[in-house]
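The block underneath contains the structure these notes are about, expressed in C-alpha cells.
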Amino acid sequence: MKELMLGNKAVARGLYEAGCEFISSYPGTPSTEITEEAAKYDEIYCEWAPNEKVAMEAAFGAALAGRRSFTGMKHVGLNVAADPLYTMSYTGINAGLVVGVADDAGMHSSQNEQDSRHHAIAAKLPLLEPSDSAEAREFAMAAYELSERFDTPVLLKMCTRVAHSQSVVEPKERTLHRKDYEKDIAKYVMMPGNAIRRHPIVEERTARLAEFAEDCPFNRVEMGGTEKGIITDSTSYQYVKEVFGDSVSVLKLGLVNPLPKKLIKDFAAKVDTLYVVEELDPIIENHVRSLGLETHGKDLLPICGEFSQNLVAKALGGEVHEGEALDDPIPPRPPVMCAGCPHRGLFYTLKKLGCTVLGDIGCYTLGAVAPLGAMEMTLCMGASVSAIHGFNKALGAESENRTVAVIGDSTFMHSGMTGLADVAYNQSNSTIIILDNSITGMTGHQQNPTTGLNLRGDPAGKIDLEALCRAFGFENVSVVDPYDLEECETVISRELAKNEPSMIISRRPCALLKYVKHKPPVSVDPEKCRSCKSCMKIGCPAISMKSVEGEEKKKATIDATLCVGCGVCEQLCPFDAFVEGGEE
Amino acid sequence: MSVKNVMIVGVGGQGSLLASKLLGHLLLASGYDVKVSEVHGMSQRGGSVVTYVRYGEKVYSPVIDEGEADCIVSFELLEAARWMRFLKKDGVIITNTQTIDPMPVITGTAEYPENLEEKMRAKGINVDAMDALSLAQEAGSAKAVNLVLLGRLSKYFEEIPAERWQEAIEACVPARFLELNKKAFALGNG
C-alpha cells in the first residue's frame, strides 16, 4: 500500500527490506530519523554510538561478521568517520555495508556547507543520490547489492530536502541476506604489505564501477526538447522538472561517483546547449569539462546555499514567479533557547562574570546570540575542550582565570573526552563546564552514554561524568544547578580562581523532556515592576515588555503558555515584582 | 489538475508538524500525488518555521517558492506577513491573529509592525483572519490551534468531502485527544 514517507523513513524502510540487521549511528540533522525509524523494526539491532567514527567501525565489524549493516550521520559526521571510511575502501566488506550521509545545503542546522561527494571521490567509493522518498527506499536497497557485488562500502547521500520531505513510497517485504565470516588476513589486516596489494584492487573496482555507471538503472536520460540538455542529480532534478517539464532533455544521475563518460558524451551530442544543475560544489560539472565538453554550471548557479525552482528558472531562463511583500520591515525570528532552558542561567552567569567562553555544538550554541552573547567560539564537536587548552597555554595567566569551555553531555561523550585527556595530560589550568541536560537536545532528544537509556528507551549502561573526570585526574569536580544563579556564580568564580584544572557539571534536564515536572508559570505584579528590564537580559521568549492598563510605562509581562516557572527571571528582579504560581 | 500549493507557517513549537502530517494523509487518501517538506533541527527552537504541502497529479519540487502558494496557513500574524510574498495572485492567507514577539522585538532592537492585517489587505491580499487561540482554548487546549486552522482551511478545499477530513483526523491524532481536536476543527470550520 502506498504511504507518504519522510525521505529518512524511506531509507529506513529500504534498509529493512534489504535485510539490514545492524545499525550504529550518531544523531545529526538532517540524518537522525533514518536510525530512529529503523529502530521501530524489531528485526534490526539499532544503537546510538558515542560518535560517528565509533558507529562506522561498529557497522564495519557487523558487516565483517556477515550481517548487512548501516551507519548514518550528517555531512560533518563523515569527517569524524573519515579515518575508517578511507581504509574500508581497501578492505572491502563481507556482508553489505551502507553509509548514509546527509548534507545540509542552506545550513538549516549545521556549521558548514561541505559537499560529501568529495569524500566519495577521495575514498574511491560509489555514491548514490536519491531525489525523493521512493528513490531513497530503492537506492538504499540497491546500495546493498552494489556493496556486495563490488565488495565495497556504498555511500547513500541524502540532502536536507530529500531527507526531510515526505513523498509517496510503496513498501514491500523484507528478505535476509547473510554471509559467513571467513578469516582473511591479507584482506582485512591493513598493514603496508597487505594494503599495497589492496590499492590496485580499489583502482580496478573503480574502473568496473565506472563501466557500470554507463548503463546502470540509476542514471537515466529523459529526452524532451533538445535546445537545452540538463545534467542533474538529487533534489536539483526536481527543480529542473518543476520549471521545464518535458520542454528540455534531462540526464538524471543517481550514481554520482564514479560518473559515466560515454553516457554524458552521448547525451551532450543530442542537445544544443549543455547545463549542469547541482547544489554546492561543481563536481559533475568538472567531470563534464574533463571530458572536453562545454557546459554551463556554476557560471549561472550559486555554489552557496540551497536551490529552488525560482532560482533554477532565473538562472536557466524559465518562468519566474513573484509575490507581493509588505513595505514594513519584518523583524527576523531566529531560533532561541526555549523558556525554562537550563542553559540560560549558566550563560547569564558567564556573561555577568565577563568570561571568555569557548563553545561547542548543540542547542547551547544559541548562547552566542543576543541578548546573552556569551560565547565567542564554536567550531566542531568537542573543539571547546581542546581549544581552551591551546588558548590557555598560549595566553597563560592572562586567560586562565576568566576563560571557560562549555560542552553538552552528548558532545562531551562524542569527542570532548579526548580533549580532556590533553588538558589532564599536558596540564593546562583550564575550567571546563559540561552542560548536562541529560539528553542530546538539538537533534530532537536522543539518548547518549550518560543518560542510562538506549536508543529504544530501555535501561542501558550509564557513564558517570563525575567519576570519569576524577579518573582523568581532575581533583576539582563540582556540580551546579543552572536554575540557581547564586550557586552558579559562586562555584564558577571559585573554580576560575584556582591554579589547577576544574570541571563543573551544570546539571538539569532539558525543559522539553516529557518526564520533567514544571512549576506553574510566574506572573508580574505591574505595580511593583519599575520597567528596569533586568529580567530582559536573559533572552527568555516568555518575557516581553507590554503596555498595561493604567500604567504609563510598558511593564514586563509573562506569556503563561510558554513559561515553565523556572524562576531565573525572579532572581534578577531587584523589586520583587515576580509572583510565583500565577494564574493559569 | 495542476499542482496546488499550501504553506503552513508559524513559530517553532506551535504544532505545525501535526497539521502537515494530517494534510498529507488527507491528500494521499484522496488519490493525489503529494509532497510535504518540513523543518527539523535547530530552527525548530522558537524560530520561524515553514512546511510546504504540494499535491496534484504529479508533483516534482518538494518546496514552494515566491508567488506560488494557493494558500498560506499561518499560526501567528507576523509570520503571515513574513511569508506573504510566497502567495500567488488570487491566493488566500488564513491566519491566527495571535502575536508572539520574536527575540529582536523582546530585546528592543526591532518593533513588531502594527496593523498587519490591514496592511496585507491594502496590498490586495485576501486575508482570512481568526482568533484561533481563543477557539482552541474553547475546545479545551491552547495546543489545538493547529486543528482550528485546519478546520478553516477545509472550507477552501471544495473537492474534498467532510468525511475524509474526519477520517484523516482519526488517523493522525492520538485517541485520547480525538474529541478535543474534532471540536477544535469544527470551531475553526464554523
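In what follows, chains carry the letters A, B, and so on, assigned in the order in which the sequence lines appear, proteins first and then strands, with residues in each chain numbered from 1. No hydrogens, no waters, no symmetry mates; every other heavy atom, side chains included, goes into these values.
- Residue with the most contacts toward chain B among A:R161, A:K533, A:M545, A:Q238: A:Q238 (heavy-atom pairs, distance under 4.5 Å).
- Heavy-atom distances place both the backbone and the side chain of B:K123 under 4.5 Å from chain A.
- Only the backbone of A:A370 comes within contact range of chain B, with heavy atoms under 4.5 Å apart.
- Nearest heavy atom pair, residue B:S37 against residue A:S165, reads OG-OG, 3.0 Å.
- Rounded to the nearest 0.5 Å, atoms CG (A:L4) and CG (B:D33) are 9.0 Å apart.
- For chain A, the nearby part of B:I64 is the backbone; its heavy atoms alone come within less than 4.5 Å.
- In this structure, CD in A:Q309 is found 4.5 Å from CD in B:E68, a value given to the nearest 0.5 Å.
- For the pair B:D65 (side chain) and A:N310 (backbone), a donor-acceptor distance under 3.5 Å is present.
- Ranked by heavy-atom pairs shorter than 4.5 Å toward chain A, the options B:A110, B:G91, B:G124, B:P104 are led by B:P104.
- Distance check: A:I330 CD1 to B:E79 CD gives 9.0 Å after rounding to the nearest 0.5 Å.
- No donor-acceptor distance shorter than 3.5 angstrom exists from the side chain of B:R85 to the backbone of A:L326, with no hydrogens or angles considered.
- Across every non-hydrogen atom of A:P332 and B:P102, the tightest pair is O-CB, 3.4 Å.
- The salt bridge (charged side-chain N to carboxylate O under 4.0 Å, His left out) test applied to A:D233 returns A:R117, not counting sequence neighbours.
- Contacts between B:L78 and chain A at a heavy-atom distance below 4.5 Å involve backbone atoms as well as side-chain atoms.
- Proximity to chain A is limited to the side chain of B:E76, based on heavy atoms less than 4.5 angstrom apart.
- Considering CD of A:E3 and NE2 of B:H25, their distance stands at 10.0 Å, rounded to 0.5 Å.
- Note: B:M103 CE to A:R333 CZ = 10.0 Å, rounded to the nearest 0.5 Å.
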**side-chain contact (heavy atoms from CB on, under 4.5 Å) evaluation trace for B:V3 with A:E242** = CA-CA 10 Å; B:V3 171; A:E242 179 77 30; 5.5 Å; no
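- Contact detail for A:C540 and B:I106: the closest heavy-atom pair is O-CD1, 4.0 Å.
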**Asked** Given the rule in the side-chain contact (heavy atoms from CB on, under 4.5 Å) test, do B:K35 and A:D132 qualify, once you have shown the distances and angles that lead to the verdict?
**Response** CA-CA 9 Å; B:K35 283 191 178 169; A:D132 61 16; 4.2 Å; yes
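- Heavy atoms closer than 4.5 Å to chain B are found in both the backbone and the side chain of A:E324.
- Rounded to the nearest 0.5 angstrom, B:M120 CE and A:D328 CG are separated by 10.5 Å.
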